Amino acid sequence: MADKISVLIPEEAVDAKIKEIGERISKDYEGKEVHLICILKGGVFFACELAKRITVPVSLDFMQVSSYGNATSSSGIVRIKKDLDDSMEGKEVIIVEDIIDSGRTLHYLIPVLKQRNPASIKLCALLNKPDRREAEVQIDYLGFDIPDEFVVGYGLDYAQKYRNLPFIGVVEPDTGEEPERKGETVE
């Protein structure tokens with residue numbers, strides 16, 4: 001591990017925030033079942049930890065999307081690489097994302113998912129970079145607003161590394177080059 005990684009949000013703070021979000025969702029959906037849609041790959045760590053902290057019944061499905069464009073910007077064209085396995089019709093849906101960056105992907109995806117007739121659809125994100133926003137999205141459940149830094153850990157990666165870190169860290173690659181910015185869902 002030659003890259004330098006400094007802790008931005010320690011493991012204890014991440015755990016406490018996920019517990020808090022789980023309690024809010026449990027209260028908001030009391031007497032109902034929640035259908036979590038995890039956006040792969042980065043969202044899987046957060047989605048699994050969140051699901052464990054929700055006390056109402058939870059079902060889970062996965063979706064993978066990508067934005068075309070170069071590493072630092074998106075063309076705004078979104079492609080569904082892995083669609084949902086189950087219908088979301090009539091379900092109380094919460095989209096679970098690791099980070100909201102430009103907002104373009106979710107700005108496109110949420111209206112597409114609304115056409116599938118869920119009872120409701122909300123957005124939950126562990127991290128938000130408001131300084132990078134290009135398209136507005138409403139985040140209903142949010143962990144942390146963070147500065148415009150390249151972050152890893154808790155599902156977020158740098159060249160497929162560091163997803164397994166139990167904290168959110170800022171990575172400074174040892175290559176001397178600026179790390180590739182992936183936005184919220186470019187894989």
Side-chain angles (χ1 to χ4, degrees), residues 3 5-11 13-22 24-25 36-51 53 60 62-76 78-82 93-110 113 121-173 178-187:
D3 302 317
I5 298 173
S6 56
V7 176
L8 179 65
I9 306 170
E11 180 178 4
V14 174
D15 286 342
K17 185 58 79 171
I18 294 172
K19 180 179 184 222
E20 177 186 312
I21 295 169
R24 280 190 51 216
I25 290 171
L36 301 180
I37 295 177
C38 172
I39 305 300
L40 297 173
K41 295 177 184 175
V44 74
F45 288 78
F46 176 44
C48 290
E49 290 301 315
L50 179 62
R53 291 165 173 87
L60 184 63
F62 300 90
M63 178 175 256
Q64 187 174 16
V65 295
S66 67
S67 296
Y68 285 28
N70 65 33
T72 58
S73 67
S74 166
S75 66
V78 177
R79 182 174 74 109
I80 296 174
K81 294 173 72 174
K82 187 237 176 278
V93 171
I94 300 176
I95 300 169
V96 180
E97 194 41 300
D98 55 356
I99 188 168
I100 310 296
D101 196 316
S102 72
R104 285 181 172 185
T105 300
L106 288 164
H107 183 77
Y108 167 82
L109 186 61
I110 290 171
L113 292 177
I121 191 164
K122 294 198 175 185
L123 177 59
C124 178
L126 180 60
L127 303 173
N128 179 40
K129 284 187 182 179
D131 292 342
R132 303 240 328 145
R133 192 73 77 246
E134 295 175 16
E136 283 308 311
V137 292
Q138 178 181 330
I139 305 171
D140 302 286
Y141 302 99
L142 174 62
F144 303 93
D145 281 324
I146 61 169
D148 186 15
E149 299 282 350
F150 191 86
V151 291
V152 295
Y154 233 91
L156 296 144
D157 73 293
Y158 170 60
Q160 295 296 328
K161 299 186 295 187
Y162 311 121
R163 287 188 195 275
N164 62 317
L165 295 176
F167 58 87
I168 304 298
V170 176
V171 67
E172 297 173 32
E178 179 72 17
E180 203 174 284
R181 291 190 185 272
K182 292 187 180 181
E184 64 263 2
T185 53
V186 179
E187 294 293 340

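In this chain, numbering begins with 1 at the start of the sequence shown. Worth knowing before you read on, the calculation uses all heavy atoms, side chains too, and leaves out hydrogens, waters and symmetry mates. Here the structure is a predicted model, which is why all the values come from computation and not from measurement.
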Do [X] and [Y] make a side-chain contact, defined as non-hydrogen atoms from C-beta onward lying under 4.5 Å apart?
X: F167; Y: I5; result: yes
X: R53; Y: D15; result: yes
X: I9; Y: L127; result: yes
X: I146; Y: I99; result: yes
X: L156; Y: L126; result: no
X: I18; Y: Y154; result: yes

Using side chain to side chain contact (heavy atoms under 4.5 Å, CB included), reason through I100 and L123 one step at a time and then give a plain yes or no.
CA-CA 10 Å; I100 310 296; L123 177 59; 4.1 Å; yes

Does any N or O in the side chain of [X] come within less than 3.5 Å of the main-chain N or O of [Y], such that one atom is a donor and the other an acceptor?
X: R133; Y: D101; result: yes
X: K82; Y: F62; result: yes
X: H107; Y: E136; result: yes

Go through the structure and list residues passing salt bridge (charged side-chain N to carboxylate O under 4.0 Å, His left out) with E20, not counting sequence neighbours.
K17

So, using salt bridge (charged side-chain N to carboxylate O under 4.0 Å, His left out) as the criterion, who are the partners of R24 when residues are at least two apart?
none

Got a salt bridge between K161 and D3, using NZ or NE/NH1/NH2 to carboxylate O under 4.0 Å?
yes

Among I95, V93, V96, side-chain contact (heavy atoms from CB on, under 4.5 Å) partner for L36:
V96

Which of N164, L165, L8, D157 passes side-chain contact (heavy atoms from CB on, under 4.5 Å) with V152? Answer is L165

Could I get the full list of side chain to side chain donor-acceptor pair (under 3.5 Å) partners for Q138, not counting sequence neighbours?
D140

Shortest non-hydrogen contact from A13 toward F144:
O-CZ, 3.5 Å

Scanning both residues in full, the closest heavy-atom pair of F46 with E97 reads CD2-O, 3.5 Å

Say you draw a straight line from [atom1] of [X] to [atom2] of [Y]; how long is it, rounded to the nearest 0.5 Å?
X: I139; Y: K122; atom1: CD1; atom2: NZ; result: 14.0 Å
X: I121; Y: L113; atom1: CD1; atom2: CG; result: 4.5 Å
X: C124; Y: L50; atom1: SG; atom2: CG; result: 5.0 Å

Are more than 12 heavy atoms, taken from residues, nucleotides or ligands other than K19, located less than 6.0 Å from that residue's NZ atom?
no

